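Note that ligands are numbered from 1 as they come in the structure, with each ligand's atoms numbered from 1 the same way. Just so it is clear, the structure is predicted and the values come from calculations on it, not from any experiment.
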Amino acid sequence: MPRVIPKTEDQKSRISARLSVSFIFGQLEDKDKRVVIDAMETVRYRPGEFVIRQGEDGDLLYVVESGKLECTKLVAGTETFLKYYEQGGVFGELALLYNAPRAATIKAVSDAELYALDRGTFNNIVKESAMQRRIRFENLLVRVNLLSSMDNYEKLQIADALTLAQYSAGEYIIREGEWGDLFYMIEEGTAVATKTIRPGMPPEKIMDYNVGDYFGELALLKGEPRAANIVATSDLKCVTLDRHAFKRLLGPLEEILRRNIEIYESILSQNKLH
Ligand code: CMP
Ligand code: CMP
């Protein structure tokens, strides 16, 4: 029987709000989500207290309701800062996914309220699909040049957040001038970008896309309408991140993404000369 810890409706809806923005739980069906919510236990930590210690065994995964926690890891004998967790953050999944000792240390830096999920419920509801997604997308993510500066852990977090989208040759994925919320990476197939360069004339081709390439970042970075059309030139499989996941997971790459915008500008200025 799954673990059920009694909760008020108000508590349930708060947990539900945290789960829906978390990648590992975001894809769950409603009935599975309810089982996870029932099994969650509220736990509280004081500043300086350890939630997880690297090297120990662990049976719980945590979702942050409030407060701030620090994640560190022993690297070449030195305790090294990795990241902070705040509201909506999820940690402690590795020990459950891979049956491994804790891979890092997590300590509260303020008062923190967390929801803890037990291994049994995690195994029943979340593990299988999370493992499949990670295995399925791992190969793709190593082929995306843009992500080459990210470590394996960060790539697996991206895998948790991806959604598949498929198109046929000739289909528009993005239309210039429309508003959009998705960022795309190509898993299989080819596409082109076209753009209206001379007013009144048909859009002109400005870019070819292949496996491992990405597009759709500009609208998300700049908060502007789509700057070009993207059209499939074969059957096409893409993976997408929504605006929220893009900001959160690719935030560290923003500088690279912005630098690459210069490439667009140089292609456009060449195009205008012809
Ligand atoms: P787990 O190994 O169960 O416990 C420590 C947690 O730290 C781990 O799960 C991850 O949730 C989290 N963590 C964050 N960044 C890293 C990282 N780079 N390597 C390993 N664990 C990390
Ligand atoms: P976005 O504006 O969100 O949607 C259209 C995408 O086309 C854009 O992001 C870029 O990823 C891509 N693109 C390719 N070449 C250009 C270009 N020269 N100017 C603008 N966008 C381009």
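Taking CD from Gln157 and NZ from Lys83, the interatomic distance works out to 5.0 Å, rounded to the nearest 0.5 Å. Within the model, atoms CG of Asp30 and CG of Asp32 stand 9.0 Å from one another, a figure rounded to the nearest 0.5 Å.
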*Verify salt bridge (Lys or Arg N to Asp or Glu O under 4.0 Å) between Glu29 and Lys33, making sure each step is shown before the conclusion.*
CA-CA 6 Å; Glu29 289 176 30; Lys33 207 184 246 182; over 6 Å; no

*Test salt bridge (Lys or Arg N to Asp or Glu O under 4.0 Å) on Glu138 and Arg133 and set out the steps.*
CA-CA 8 Å; Glu138 209 174 1; Arg133 299 176 61 75; over 6 Å; no

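Atoms of ligand 1 found under 4.0 Å from any heavy atom of Ala95 (numbered from 1 in listed order, with element): 1 (P), 2 (O), 3 (O). Close contacts between ligand 1 and Leu82 involve ligand atoms 15 (N), 16 (C), 17 (C), 18 (N) [criterion: under 4.0 Å to a heavy atom]. Close approach to Cys71 involves these atoms of ligand 1, each under 4.0 Å from a residue heavy atom: 7 (O), 13 (N), 14 (C). Set against the non-hydrogen atoms of Phe91, the atoms of ligand 1 under 4.0 Å away are 11 (O).
Residue contacts with ligand 1, taken as heavy atom pairs separated by less than 4.0 Å, do not involve Glu154 at all. Here Ile106 has side-chain heavy atoms under 4.0 Å from ligand 1, and that is the only part of it that gets that close. Contacts between Tyr153 and ligand 1, counted as non-hydrogen atom pairs separated by less than 4.0 Å, involve the side chain only.
Atom CD of Glu79 has more than 12 heavy atoms from other residues, nucleotides or ligands within 6.0 Å.
Between Tyr115 and Tyr62, the distance from one ring center to the other does not fall under 6.0 angstrom.
A side-chain hydrogen bond (donor to acceptor under 3.5 Å, both in side chains) with Thr190 is found for one member of Asp208, Thr233, Asp213, Asp235 and no other, namely Thr233.
The closest approach between any non-hydrogen atom of Tyr85 and ligand 1 is below 4.0 Å. The closest approach between a heavy atom of Gly58 and any atom of ligand 1 is not below 4.0 Å.
For ligand 1, the polar-atom distance check against Ala103 finds a nitrogen or oxygen pair separated by under 3.5 Å.
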Measure from every N or O atom of ligand 2 to the protein's N or O atoms and keep only the pairs below 3.5 Å, writing each with atom names and distance to 0.1 Å.
| residue | atom | partner | partner atom | Å |
| --- | --- | --- | --- | --- |
| ligand 2 | 2 (O) | Ala227 | N | 2.8 |
| ligand 2 | 3 (O) | Gly216 | O | 3.3 |
| ligand 2 | 3 (O) | Ala219 | N | 2.9 |
| ligand 2 | 3 (O) | Arg226 | NH1 | 2.7 |
| ligand 2 | 9 (O) | Leu218 | N | 3.4 |
| ligand 2 | 11 (O) | Gly216 | N | 3.0 |
| ligand 2 | 11 (O) | Glu217 | OE1 | 2.6 |
| ligand 2 | 11 (O) | Tyr264 | OH | 3.2 |

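Residues that satisfy the salt bridge (Lys or Arg N to Asp or Glu O under 4.0 Å) test with Glu204, not counting sequence neighbours, are Arg198.
Between Tyr85 and Phe91, the ring-plane angle classifies as tilted under the 30° and 60° cut-offs.
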